[in-house]
Amino acid sequence: MTTPWSPGSWKQCEARQQPDYPDPALLNATLRELAGYPPLVFPDEADALKADLADAAAGRAFLLQGGDCAESFAEFSPDTIRGTFQLIMQMAMVLAFASKLRVIKVGRMAGQFAKPRSTEIERSGDDALPAYRGDIINDISYDADARIADPKRMLRAYAQSAATLNLLRGCASGAQGRVHQAASSTGIIDASPSASRFRALAARVDEALDFLAACGLDPASAPQLQTTQFYTSHEALLLPYEEALARPARAGGYYGSSAHFLWVGDRTRFSGSAHVEFLRGLANPIGIKCGPTLAPDTLLPLLDTLNPHREAGRITLISRMGHDRVETLLPPLIRAVETAGHPVLWSCDPMHGNTIKTNGYKTRPFDRILDEVRRFFAVHAAEGTIGGGIHIEMTGQNVTECTGGAWGASEQNLGDRYHTHCDPRLNAGQAIELAFLLSEILNGAVRDRTVDAAA
Ligand code: PEP
Ligand code: CO
């Protein structure tokens, strides 16, 4: 028997990774204020994404989810947002052209502010301070006052999310949302070694679009060529904030209104978790990060809790095992889910299992990222299941945070443009290189499935 759910029922469960707010009166006043603010996203949009994700689970579409590890107040600018949007559009074009699958675009944007931490304390010599938990909670500077959790930061994060979403909606419905535009402006990837390959592909897309126009299909007559759908997502980590933005829908049920897609992180998906309790009552599509410690007998009850009616598109399992462990750890999970008959979309996060420390910097070797991607899709091919998505940390800026790749940093020059507030991101050149690798994998996978279906 399950106990009744309410937006605040998570408080009866174990809530990990939450800040201690020293001023409860200020916290409550801030949450009351937030609860009166407009929703950022709407139920019909979340439902549309759920239907899209059901298509991806069935092999009729592909999920491309990417953006910052942590958005920050300092890096908030229209150029940063447009840059990441454009890069996602360009990656989507590479993927769609090769696979002939519709690509579902979801940003880790407009709300990705709270970070789970491996340790509560950050040390500097003999000194220690509470860890930085993301700009929605405290400040990254190593200073005792800066690390105090301040509820007012939630209002600023909400405002930044609203402004980011406004620009993203403008990009998606305006010129930047057109396939023509993704094909015609290389912009940020111009200097990357993949640029000439990208331009060659863009020329073929252009030719296909000219042909369509000659057949009478142009942006004026075909809305698919005029605009794109762009969705937002983040880890639903800071529960008081998420609760304040949970809203009843007119048609019944509750929706998280802070983003279309919310996920539960690898550190908070344990059985009895307050995060799972909170997400169970929302109607949005939900992601679950699946790291090396997740056993099949923990995953199945989690699926029963989060998707009791086995709704298609409701659950995306985001595998982040690490390049050298995916082959041993993923198959048992896939088999358990298949045997139980739970409908899920499998997506690959090749970032979080491949983080290392070099020269004092957290980094990720690009070849390990590619390796995990290859192995993830190979495992699905061997199991006869569908790898239907990718989840990456990336930025349209030319940062030096992940090593390797044709346009990456070396271990020595990581410090040149290392700007992330948390984990290292792919830069634009690395992201396009990854898209090309994926396009080859997907092209093969889709071809094999078509042959199987015809046989
Ligand atoms: C993240 O996606 O930034 C993250 C912290 O992931 P995970 O929960 O998989 O460690
Ligand atoms: Co991260």
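Counting convention: from 1, in listed order, for ligands and their atoms alike. The chain is numbered in sequence order, starting from 1.
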Pairs under 3.5 Å, nitrogen or oxygen of ligand 1 with protein nitrogen or oxygen:
residue, atom, partner, partner atom, Å
ligand 1, 2 (O), Arg108, NH1, 2.9
ligand 1, 2 (O), Arg108, NH2, 3.4
ligand 1, 2 (O), Lys289, NZ, 2.8
ligand 1, 2 (O), His352, NE2, 3.4
ligand 1, 3 (O), Arg108, NH2, 2.9
ligand 1, 3 (O), Lys115, NZ, 2.8
ligand 1, 3 (O), His352, NE2, 3.0
ligand 1, 3 (O), Glu393, OE2, 3.1
ligand 1, 6 (O), Lys289, NZ, 2.9
ligand 1, 8 (O), Asp266, N, 2.8
ligand 1, 9 (O), Lys289, NZ, 2.9
ligand 1, 9 (O), Arg320, NE, 2.6
ligand 1, 10 (O), Arg267, NH1, 3.1
ligand 1, 10 (O), Arg320, NH2, 2.8

For Asp139, enumerate each residue passing the side chain to side chain donor-acceptor pair (under 3.5 Å) test, keeping only those at least two apart in sequence or located in another chain.
-> Ser141, Arg153

Thr293-Arg269 side chain donor-acceptor pair, cut-off 3.5 Å | yes

Have His352 and Asp266 got a donor and an acceptor in their side chains that come within less than 3.5 Å?
-> no

For the Co ion (ligand 2), decide whether His352 has an N, O or S atom at a distance under 2.8 Å.
-> yes

Contacts of Asp304 meeting salt bridge (Lys or Arg N to Asp or Glu O under 4.0 Å) (sequence neighbours excluded), chain-then-number -> Arg310

Hey, what's the angle at the Co ion (ligand 2) spanning OD2 (Asp423) and SG (Cys69), nearest 10 degrees?
-> 90°

Give the name of the N/O/S atom in Glu393 that lies closest to the Co ion (ligand 2).
-> OE2

Is the shortest side-chain N to carboxylate O distance from Glu372 to Arg320 below 4.0 Å?
-> no

Glu235 bridged to Arg133 by N-O distance under 4.0 Å = no

Partners meeting salt bridge (Lys or Arg N to Asp or Glu O under 4.0 Å) with Arg16 (sequence neighbours left out) | Glu14

